[in-house]
Amino acid sequence: MPRATAGTVHPPGPGRSSERGTSCAGSFPVVILAIDQGTTGTTCLVFDESAQLAGRAYREFEQHFPRPGWVEHAAAEIWDVTCAVALEALEDAGVGDGDLQAIGITNQRETVCVWDPQTGEPLHHALVWQDRRTAERCDALRDAGHEPLVRTRSGLVLDPYFSATKIEWLLENVDDLREQAQSGRAVFGTIDAWLVFKLTGEYRTDVTNASRTMLYDIRRGDWDDELLALFGDVPRAALPEVLPSIGEFGTVRDGALGSGHDGVPVAGIAGDQQAALYGQGCLDPGLGKNTYGTGSFVLLNSGDTVPTAPAGLLATVAWGIGERTIYALEAAIFVTGAAVQWLRDGLGIIEAAAETEELAASLESNDGVYFVPALTGLGSPHWDPYARGTIVGLTRGSTRAHIARATLEAIAYQTIDAVRAMEAASGQALAELRADGGATANGWLMQFQADMLGVPVAVAEIAETTALGAALLAGVGVGAWTQDDVARRDGTGARYEPQMGEDERDLLIAQWRRAVQRAGGWARG
């Protein structure tokens, strides 16, 4: 399996000026803590003045499934885990009191927390982006003709994936919550807002996370009164102040990260996929990436203009800097890495994700076995909340290796579906896929992805590009680096060239699409 050697990294350098912005870095050593609060765990990375990794730590936290299709997190546990992992990463990097210059945050998007702003205590479990409990509500709103308004204002589709119907559900189903929200004793926020509040005491979010709520007008740059009314009369005062992605959100207070880091600014925030786009250096229109995480997300920078998103794709905010807002076209795939985790935790057929590479490679072909991992519905380009996980093609000769291979293949097939929809929307064929995320460590998968796409796959040198993006945003936020520094950075680690013939590729994809048809609409009965 051909792999390129690690690419040369040209890191951002402090003190350089640029037409994209000016650097005001002084002589202090740049130490940035990146908090990457994901769906199944929290990663914290520490970067030095050359944007090189200096320390890391990671912990998983509990997933709650109170009913089929419902997914929740304990916000208090997320906060506790984040604090512990941040301190472990700082210790791993040898960062002393007073050395930390800034904090960047990137997070699982769309997940909704609700808490008492006076006590800082959660008032209900967080409803996770994977949660499907509001699917019927979305259907009712769509049947009533409200999707064009949602599409025009937010760039999104009516789907339980996004935050608005989660907030509405909480208002209607948690005792006294609406009264508390109206009187200022309950507030809502995505995970970034929750962490900012706990770190700094400020109630703020950034434009990328706001753009994922279905309550935010991405053109006008503000919470939208018509959308607030549509989704159960959400009180505007119960939503956070929206700021650009780059700049100060508040400073650490009251020993939230130990006694030595009070006063450190949170200087950059972006949702995980936007942070990855930034971390990949896709700062110019036409550049895009795919992040392989719990889900997979393909984003294409569209510049200052809100893109026209056809059915199955989304228009979203890429990031904000000063008065300028950058937009992106997005394809969202709900379950990729989460399917591998299900093999481990749900079926118990692997002990670690890395085993899937050897299992997949042990077979000469998939022997007709396909797994559609619609464990929380299907995202782009299908947008079917009623699809459910389906395995087809099993025989007496099927083994756990077939299931493992089918799971990896499904990650690549879903990416194909998303990329082809983007190509149709943009009118441009993909020349190269920039890839990041944990699954890029799986060489078999990356080669199969290149084979299925028919174009090279360029893997980021640092797999945790979401965290790198948060660090770069924060570094620009405190003037240590400029946007030009970020754009010039070469972070390519390995490159996979396609090797499969077109006929074989077309046959595999055709069989995959047959399997997707079987999974569609299953939960409707």
Side-chain angles (χ1 to χ4, degrees), residues 1-14 30-36 38 43-58 89 92-93 104 106 268 270 272-284 287-293 296-299 301 336-337 353-354 357 411 415 430-450 453 455-476 480-498:
M1 182 182 302
R3 295 182 62 142
T5 57
T8 302
V9 175
H10 303 287
V30 178
V31 179
I32 308 291
L33 170 67
I35 297 172
D36 183 355
T43 302
C44 286
L45 303 183
V46 178
F47 294 89
D48 65 15
E49 65 274 4
S50 296
Q52 296 298 302
L53 186 61
R56 73 165 69 226
Y58 171 78
D92 185 51
T106 185
D272 51 10
Q273 304 314 316
Q274 288 93 333
L277 188 70
Y278 198 85
Q280 287 274 32
C282 299
L283 271 59
D284 294 318
L287 296 178
K289 64 86 204 176
N290 187 22
T291 296
Y292 298 83
S296 288
F297 299 84
V298 184
L299 268 71
N301 186 320
T336 53
E357 182 169 8
I411 294 174
T415 302
L430 182 74
E432 173 186 277
L433 181 70
R434 296 187 183 182
D436 59 83
T440 60
N442 189 312
W444 189 94
L445 171 59
M446 291 297 98
Q447 183 61 54
F448 187 75
Q449 185 70 86
L453 283 169
V455 300
V457 173
V459 174
E461 183 181 37
I462 297 177
E464 300 98 333
T465 310
T466 53
L468 174 62
L472 294 173
L473 288 164
V476 174
W481 307 315
T482 69
Q483 288 242 91
D484 216 23
D485 295 330
V486 175
R488 285 197 296 261
R489 185 180 177 278
D490 179 8
T492 303
R495 186 177 177 88
Y496 296 81
E497 300 288 341

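- Using a 4.5 Å heavy-atom threshold, the side chains of L53 and L45 count as touching.
- Residues F47 and A471 approach most closely at CD1-CB, 3.4 Å, considering heavy atoms.
- Residues N301 and D284 have side chains not in contact (no heavy-atom distance under 4.5 Å, counting atoms from C-beta outward).
- Contact annotation: the side chain of T415 approaches that of Y292 to within less than 4.5 Å [non-hydrogen atoms, C-beta and beyond].
- A donor-acceptor distance shorter than 3.5 angstrom exists from the side chain of Q447 to the backbone of E497, with no hydrogens or angles considered.
- Shown here for A34 and A467, the closest heavy-atom pair between the two residues is CB-O, 3.2 Å.
- Closest non-hydrogen pair, M446 versus A435, comes out as SD-CB, 4.3 Å.
- S50 OG to R489 CZ: the interatomic distance, rounded to the nearest 0.5 Å, is 10.0 Å.
- Screening T466, T106, T43 against D36 for a side-chain hydrogen bond (donor to acceptor under 3.5 Å, both in side chains) leaves a single residue, T466.
- When all heavy atoms of T465 and G279 are compared, the closest pair comes out as CG2-C, 3.5 Å.
- Contact of the D272 side chain with the T291 side chain is not registered, since no non-hydrogen atoms from C-beta on lie closer than 4.5 Å.
- Heavy atoms only, all atoms of each residue included: N290 and S296 are closest at OD1-CB, 3.8 Å.
- Scanning all heavy atoms of the two residues, the minimum distance from E357 to W444 falls at OE2-N, 3.2 Å.
- The pair D484-R488 meets the salt-bridge criterion, since a charged nitrogen lies less than 4.0 angstrom from a carboxylate oxygen.
- Note that CG of N442 is 7.5 Å distant from CD1 of I411, once rounded to the nearest 0.5 Å.
- When side chains are defined from C-beta on, P498 does not count as touching L453, because their heavy atoms never get closer than 4.5 Å.
- Side chain of W481 to main chain of E49: a donor-acceptor pair is present (N/O by atom type, distance under 3.5 Å, no hydrogens or angles).
- For the atom pair CG (L433) and CZ (R495), the distance works out to 10.5 Å, reported to the nearest 0.5 Å.
- In this structure, the side chain of D92 does not engage the main chain of A89 through any donor-acceptor pair within 3.5 Å.
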Q. Going through the distances and angles, do Y278 and Q483 end up as a side-chain contact (heavy atoms from CB on, under 4.5 Å)?
A. CA-CA 10 Å; Y278 198 85; Q483 288 242 91; 2.5 Å; yes
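- Going from atom CD of E432 over to atom NZ of K289 covers 14.5 Å, rounded to the nearest 0.5 Å.
- The OG1 atom of T440 sits 14.5 Å away from atom CZ of R434, with the distance rounded to the nearest 0.5 Å.
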Q | Worked verdict on Q274 versus L299 for side-chain contact (heavy atoms from CB on, under 4.5 Å) | A | CA-CA 8 Å; Q274 288 93 333; L299 268 71; 4.2 Å; yes
